[in-house]
Structures are given as C-alpha cells and as structure tokens.
Amino acid sequence: MPRFLIQTFGCQMNVHDSRRIEEVLYERGYEAATEPEHADLIVFNTCSVREKADHKLRSMLGTFREWKERKPDLVFAVAGCMAQQQGEAMLSHLDLVDVVIGPDNIPELPDLVRQVMDGGPPVARTVFDLDAPSFLIARVRPGHPEASAYVTVMKGCDERCTYCIVPYTRGAERYRSAADIVAEIKVLCAGGVREITLLGQTVNSWHEPSEPVGSESRFAELLRRIAVEAPELLRLRYTSPHPRHITDELVRAHAELDVLPAHVHLPVQSGSDRILRMMLRRYRQKDYLERARALLQARPSFTLATDIIVGFPTETESDFQDTLTLVREVGYSSVFAFKYSPRPHTPALRLPDDVSEELKTERLARLFEVADELQSRHLQSLVGSRVQVLVEGPSKSNPLRYTGRSERHEIVHLEVPEGHDPTGQLIAARVIEANKRSLLAAPLQALPPSAARPPAPKRNASMRLPVVMS
Ligand code: SAH
Ligand code: SF4
Ligand code: F3S
C-alpha cells in the first residue's frame, strides 16, 4: 500500500484542500506515512501570496533532495497556489518535482501520481473548473471523529486588490448553492462535527450561483438557514469577509444568532485612504470604521482581528500613522501584519516598490508593538471572567492541559484532571491567567471521562509536521 505525506503552507483554504487531498488518496488505497522516510509520495501544498512563500518551497525541496537520491521512486507533487501560478513551467525549473496540480484538479492527483510511478514523464494539470465548478467535500471518516470542519461556500476572487496574486491563482468567483452547503453541514454534524468554518476568498459576498455575477450578498440569509437546519452546531465561523460586504443584515445576524461567535477576522490592509485607493480595496477608512463599530456593538465583548500590509508602494510615514490610528481606534484583539511583497501578475507591479526593506521592517515592528499591547491588555481584562471553550484536543506542550478556543476565538488552555477528555465539547471555564497570546482557564463543570469518547484518531506523519503559515 503506497504511503503519503503532506506538507501544508498558506491559508485556511490550503488547510482545507490538504485534508481533501488526504481523502482522495485514502480512497485510492493510500495510507498516511507514520514516519516521513516511509513515504512513497510527498505533496507540498503551496502558497504564493508573498515572495517568501516561494522561497520556502525551494528550501523545503532542498531538504528532501537527499531522500529522493536515496529512494529514486519517491514522487514529489506540488499542489496549491504556486502550482497554479507556475503550471508546467515549474517542471522545468524545479527538477525534483514530478507532479504539478492546481487547486481545482485535486481529484485527478492519484491518477497523475500513478502515471509517474508507472514510469511516465513529469506532468502538470492546472485547469480551472469555470464552466462546471465542483467543490471539495469533507468526508466523515468512521472512527476518526473531529470537532471542527471547513465548508467552502464560494471559491475564486473577482476583487483585484492591486497587490494580490490570489485572483490569478484561484480564478474567477464561483458560488455554491445553499442547498448543497446545508446538506454538507448536516452530514458533518451527524458525524460529530460541532464547529464549521465557512470558507471563501470574499466569503460574505455569497449569493446563490443562479443569481447573476455581482448580485447583492445574501450571506446573512445563508447563516440563518444553517443555524436553523443544523441545530447541533455549536459554532459557525467564516473567513475571509470583505469589509464592503458587511451588510446591516450580517450585523443583525451577529446580534441574533448564538451560533455565531463574538469575533470576526476583518482584513483592513491599511488605514490610509490614499493607500486604500491604490490597493483598490473599494472602501475608505471611515466606511471600514463604521462597519467595524457596528460589529463591535452587535454583541457584548465582541472582538475583531485583521490583516495589514505595511510598505505598500509610496506609503509615507503619514499613511502609516493613519494605520496605527485605525488599529488603536478599533482595538483589535489580534493583528496579522505583513511587509508588502511584489507579486507576479498583480497591477501593483507597475508601481515602484519604493519603501525600503529597512523601513518596512521598522514599520512592521512598530505596528506589532501597538498590536501586542492591545492584545495583552485585552487578554488581561479577561482574567476572572467566564469563557465557553470549544476544546480542540490535548495541548501540544503540556499533557495535563487541553487547548481550545473561546467564544471570541482566544486560544484557551484548559486544566484537565487525569482520566478526562473534553475534546469536541463546549466547556464553561473561568480564566485564571493571561499569557502573551493565550489564556489559562479552569473548568466550571464536570468533564467527561476519557473512556466516554471513541479513541482519538491515530496521528499520522503529515499531521505531525507543522502547518507552515507563510
Ligand atoms: N481573501 C483574503 C485574504 C487573502 S491573502 C482577504 O481578502 O482577506 C491573505 C493576506 O495576505 C491578505 O489579507 C493580505 O494582508 C496579505 N497579502 C496579500 N498579498 C500580499 C502581498 N503582495 N504582500 C504582502 N501581503 C500580502
Ligand atoms: Fe486578494 Fe483582495 Fe481577493 Fe482578498 S479580496 S483574495 S486580498 S484580491
Ligand atoms: Fe491561500 Fe496563499 Fe493561495 S494565502 S489562496 S494559499 S496564495
């Protein structure tokens, strides 16, 4: 039986795709390699959102070169956004790569790998399914219960933010019907899933595929329908929303639906109107702030997280100050910030990348200083309060603790007495300590004994390798 290993880079779409790649391989008789050196197939699921991500693949392939020399029939497949971006060209400049597969071609992976294993030449398949879009569906594996799952509601992106390669690597927007989305969620819930994260590049622009391109968002309706038709769900998250589709209906849904957590990750990218215009983000600082405030007021103790790019072409100190002002004004609970990185095929390539590397580094550090202070103040303010923790599993660093997420998405470590296992449960707990990026809490209720749960899934080698966020 051939054995595989997957190395995942990039965003949650890629984490979802990697799980689907695993399933496609299981269905064709593969098993997960328990030790990396036992693998017959290694899949690199790549990201190309920043230049650093490209470099990561090269250095990763470098570390595996020796293995391939020792085991010449080991197959290397490259999936994800770099695969889509480079297509066949990747085969000529990365000599170790045997298969290049785009995000829309994942079901074809086992056949392509078979061809190569049978002695065929290296092969690339990166074709978008624009005419008849299909959506990869999570399969519940008996004996492998999981508390959380991703469900795609739309794929691709028509926004064209000027810095971003994603519209090129993921293609045009394609939407999935509410009936299909709800049916998938019901199957997942029946299999024990209690938290769903809806996925899409502009997830909250969702409307029925039968409606014309550019129709108004009906995302809030979708959330309401899921809440009604999947009552077993404990949490319904979504990523990534675009600020221009935070409608009044969506804000109202947050106020009314308990299943929506009191937290949204709402990328802003910059606080300067001049830069936002050059980025083609299609909102001004004041529009963003107005939407952010509406969400923050929808529910008590609502928090927002965001993405920010520093050093976009022509960004001045005054533009950057506008970003810092906005960050303080919103009071984000966490900030993901990146230095601008020029990407192929993007409109911003026509602009000079004129903010020096030193200045980008300096601005990033200043931004993190403000963000860290906000985060630590926020976490401190929660000490003594009650949180609802959806437990994801045992803590990686301490065997007496379990880790989960609060209703606002803070990471919470839970003290669990020996012989108990609250994985997949929603546990009421009291926060006893705030760390730099997480909370420590003590349960306020009895915990289920370990034996009450089916055995935890056998961890395979690909699960043991870290997900590398670019
Ligand atoms: N669809 C999502 C995010 C896509 S990429 C959205 O619109 O929110 C994830 C993040 O990477 C972006 O939010 C942006 O902050 C960052 N990013 C994208 N392109 C970049 C580039 N060229 N340089 C630096 N950061 C970039
Ligand atoms: Fe990229 Fe903008 Fe689309 Fe997000 S909305 S994927 S940042 S083009
Ligand atoms: Fe995600 Fe990176 Fe592609 S952020 S969509 S894997 S370019």
Side-chain angles (χ1 to χ4, degrees), residues 7-18 21 44-54 56-57 78-86 102-104 106 126 128 150 152-173 198-206 238-246 264-271 275-276 278-283 288 304-313 315 323 332 334-349 351 353 355 357 360 363-364 367 467-470:
Q7 182 73 340
T8 307
F9 303 79
C11 65
Q12 295 183 66
M13 328 283 158
N14 261 17
V15 175
H16 175 60
D17 286 352
S18 282
I21 292 173
F44 301 91
N45 196 11
T46 60
C47 171
S48 54
V49 80
R50 284 170 287 277
E51 201 182 1
K52 239 167 120 184
D54 279 23
K56 273 190 193 145
L57 176 66
V78 177
C81 288
M82 268 185 74
Q84 185 66 45
Q85 177 203 333
Q86 300 187 15
D104 286 358
I106 287 171
T126 52
F128 289 129
Y150 293 112
T152 306
V153 305
M154 54 88 68
K155 60 181 181 177
C157 182
D158 290 347
E159 283 295 319
R160 303 288 179 277
C161 302
T162 53
Y163 51 81
C164 185
I165 196 171
V166 173
Y168 185 82
T169 60
R170 295 277 168 161
E173 287 176 7
L198 303 177
L199 288 181
Q201 293 298 346
T202 56
V203 68
N204 58 333
S205 69
W206 182 87
Y238 55 86
T239 193
S240 288
H242 192 290
R244 76 189 184 94
H245 297 295
I246 301 287
V264 169
H265 184 103
L266 189 62
V268 65
Q269 313 301 356
S270 170
I275 297 291
L276 286 172
M278 289 177 80
M279 288 177 161
L280 198 62
R281 286 294 288 178
R282 305 172 207 259
Y283 53 80
Y288 180 94
L304 290 174
T306 201
D307 287 352
I308 289 172
I309 296 176
V310 300
F312 186 80
E315 185 189 67
T323 299
Y332 293 107
S334 64
V335 172
F336 298 80
F338 316 98
K339 293 181 202 172
Y340 168 72
S341 170
R343 303 308 292 132
H345 315 288
T346 58
L349 270 187
L351 302 165
D353 181 19
V355 180
E357 186 58 25
K360 284 179 185 165
R363 285 183 189 161
L364 197 64
L367 175 56
V467 171
V468 185
M469 293 310 199
S470 58

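Source: prediction; values computed, not measured. Indexing begins at 1, ligand by ligand and atom by atom, following the structure's order.
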(request) Just jot down the ligand 1 atoms closer than 4.0 angstrom to any heavy atom of Y340, in number order. (result) 23 (N), 24 (C)
(message) Which residue and atom name correspond to the protein heavy atom nearest atom 3 (Fe) of ligand 2, and how close is it?
(response) C157 SG, 2.3 Å
(request) Within a distance under 4.0 Å of any heavy atom of V166, pick out the atoms of ligand 2 and give their elements. (result) 6 (S)
(message) So does A83 get a backbone contact from the side chain of T126, meaning a donor-acceptor N/O pair under 3.5 Å?
(response) no
(request) For T202, counting its heavy atoms only, list the atoms of ligand 2 lying under 4.0 Å from any of them. (result) 5 (S)
(message) For the CD atom of Q201 and the CD atom of E173, what is their distance to the nearest 0.5 Å?
(response) 9.5 Å
(message) Please determine whether any non-hydrogen atom of G80 lies less than 4.0 Å from an atom of ligand 3.
(response) no
(request) Run the contact test for Q201 against ligand 3 with a 4.0 Å cut-off on heavy atoms, strictly below, and give the result. (result) yes
(request) Measure across F312 and V355 and return the closest heavy-atom pair with its distance rounded to 0.1 Å. (result) O-CG2, 3.6 Å
(request) Run the numbers for me: atoms of ligand 3, each under 4.0 Å from some heavy atom of N14, listed by number. (result) 6 (S)
(message) What protein heavy atom lies closest to atom 18 (C) of ligand 1? Include the residue and the distance to one decimal.
(response) V49 CG2, 3.4 Å
(request) Examine C81 and say whether one of its N/O/S atoms is closer to atom 3 (Fe) of ligand 3 than 2.8 Å. (result) yes
(request) Distance to 0.1 Å, residue and atom name: give those for the protein heavy atom nearest to atom 10 (C) of ligand 1. (result) D307 OD2, 3.5 Å
(request) Check ligand 1 against R343 and write out every atom of the ligand that is under 4.0 Å from a heavy-atom position of the residue. (result) 22 (N)
(message) My understanding is that we take every heavy atom of each candidate and find the minimum distance to atom 8 (O) of ligand 1. Doing that for P167, C161, P267, which one comes out nearest?
(response) P267
(request) Check each atom of ligand 2 against the heavy atoms of R281 and keep those under 4.0 Å away; list them by number with element. (result) 2 (Fe), 7 (S)
(request) Check for a donor-acceptor pair, side chain of T46 on one end and backbone N or O of M82 on the other, with a separation under 3.5 Å. (result) yes
(message) Tell me whether ligand 2 is touched by R170 - counting only heavy atoms on the residue side and a distance under 4.0 Å.
(response) no
(request) Would you mind finding which of H265, H242, Q201, R50 brings a heavy atom closest to atom 17 (N) of ligand 1? (result) R50
(request) Drop me the distance from R281's CZ to Y163's OH, to the nearest 0.5 angstrom. (result) 4.0 Å
(message) Can you tell me how the ring of Y150 sits relative to the ring of H16, calling it parallel under 30°, perpendicular over 60° and tilted otherwise?
(response) perpendicular
(request) List every atom of ligand 3 that sits less than 4.0 Å from any heavy atom of C47, numbering the atoms from 1 in the order shown and giving each element. (result) 2 (Fe), 4 (S), 6 (S), 7 (S)
(message) Using a 4.0 Å cutoff against the non-hydrogen atoms of C164, which atoms of ligand 2 qualify?
(response) 1 (Fe), 6 (S), 7 (S), 8 (S)
(message) Please list, in number order, the atoms of ligand 1 under 4.0 Å from a heavy atom of Q269.
(response) 12 (C), 13 (O), 14 (C), 15 (O)
(message) Quick test of your reading of the model: are R170 and D17 salt-bridged, counting only N-O distances below 4.0 Å?
(response) yes
(message) Working to the nearest 0.5 angstrom, can you tell me the gap between F336 CZ and L367 CG?
(response) 12.5 Å
(request) Describe, in one word, how the ring planes of Y288 and Y283 are oriented to each other, choosing from parallel (under 30°), tilted (30 to 60°) and perpendicular (over 60°). (result) tilted
(request) Provide, to 0.1 Å, the distance between atom 23 (N) of ligand 1 and the closest protein heavy atom, together with that atom's residue and name. (result) S341 N, 3.0 Å
(request) Provide the closest heavy-atom pair for M278 versus T162 in the form atom of the first, atom of the second, distance. (result) O-OG1, 2.7 Å
(message) Strictly distance-based, threshold 3.5 Å: is any side-chain N or O of R160 a donor or acceptor partner for the main-chain N or O of C157?
(response) yes
(request) Report the nearest protein non-hydrogen atom to atom 24 (C) of ligand 1: residue, atom name, distance rounded to 0.1 Å. (result) K339 O, 3.3 Å
(message) Between D353 and K360, does any side-chain N to carboxylate O distance fall below 4.0 Å?
(response) yes
(request) First locate atom CD1 of I309, then atom CZ of R363, and finally report the distance between them rounded to the nearest 0.5 Å. (result) 14.0 Å
(request) Tell me whether C161 has at least one N, O or S atom under 2.8 Å from atom 2 (Fe) of ligand 2. (result) yes
(message) Using heavy atoms and a 4.0 Å limit, tell me yes or no: is E159 in contact with ligand 1?
(response) no
(message) For atom 7 (S) of ligand 2, what's the nearest protein heavy-atom neighbour? Residue, atom name and distance, please.
(response) Y163 OH, 3.3 Å
(request) Measure across G271 and T323 and return the closest heavy-atom pair with its distance rounded to 0.1 Å. (result) N-OG1, 3.0 Å
(request) For S240 and T202, indicate whether the former's side chain and the latter's backbone hold a donor-acceptor pair under 3.5 Å. (result) no
(request) Pick one of side chain, backbone, both or neither for how P167 approaches ligand 2, counting any non-hydrogen atom pair under 4.0 Å. (result) side chain
(request) Starting from atom 4 (Fe) of ligand 2, locate the nearest protein heavy atom and write down its residue, its atom name and how far away it is, to 0.1 Å. (result) Q201 O, 4.3 Å
(request) Report the nearest protein non-hydrogen atom to atom 19 (N) of ligand 1: residue, atom name, distance rounded to 0.1 Å. (result) Y163 CD1, 3.3 Å
